[in-house]
Amino acid sequence: MATNGLLRHQMIESLMARHPKGVVDGAIVSWEQLATHLVSIIGESGFNSLYARSVFLAQSTFPWLVASSPLPQTDGRFVELRISFEGQTPVQVSEANSLLLIIGSM
C-alpha cells in the first residue's frame, strides 16, 4: 500500500512539473484534464461529488480553499479553485493541489 501512495505522489509531482506557465495554471489544467476523463466514466454529478469531497477534506489543511461545487461548463468549472490558488504562494498551491488530487484518487 505504501508503494501505491508513493507512486501516486510521484505521478502528481511529475504532472505538476509539466506546466511551464506556472503552478496555478498547471493545477487548473490538471483538474480540467481529470474532469474530462472522469466525467466520461462517472458523469457530471459523480465528478462534482468527488471534487466537492476533495475540497472539503483538504480544507482542514488548507482553509483558504473555496468549498463550492464546480460548474458543469468547462470554462467556469474551476474558477473558484483558481481564485483560491492565486492568493497563495507557489509552494502552497502545489501542496494544496497535490492533496486535492491524492484525496480525489482515494
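Ring planes of W31 and F78: tilted class, angle from 30 to 60°.
Under the rule for a side chain to side chain contact (heavy atoms under 4.5 Å, CB included), the partners of A58 that lie at least two apart in sequence or sit in another chain are L65, L99, L100, I103. In this view, E95 satisfies the side chain to side chain donor-acceptor pair (under 3.5 Å) rule with no residue, not counting sequence neighbours. Under the side chain to side chain contact (heavy atoms under 4.5 Å, CB included) criterion, R82 pairs with V24, D25, I28, E86, sequence neighbours left out. Shown here are the side chain to side chain contact (heavy atoms under 4.5 Å, CB included) partners of S60, two or more places apart in sequence or in another chain: there are none.
Note that CD of E32 and CG of L81 are 10.0 Å apart. Values are rounded to the nearest 0.5 Å. Rounded to the nearest 0.5 Å, atoms CZ (F47) and CG (L34) are 5.5 Å apart. The OG atom of S54 sits 10.5 Å away from the CD1 atom of I102 when rounded to the nearest 0.5 Å.
Between Q92 and W64, some side-chain heavy-atom pair lies under the 4.5 Å cut-off. Annotation: side chain of L50 is in contact with side chain of L38 (closest heavy-atom distance under 4.5 Å).
In the hydrophobic cluster analysis, where Ile, Leu, Val, Met, Phe, Trp and Tyr join through side-chain heavy atoms closer than 4.5 angstrom, V39 is grouped together with I41.
Applying the salt bridge (Lys or Arg N to Asp or Glu O under 4.0 Å) rule to pairs touching residues 96-106 yields nothing, sequence neighbours excluded.
Closest approach of I42 to G46, counting heavy atoms only: CD1-C, 3.5 Å.
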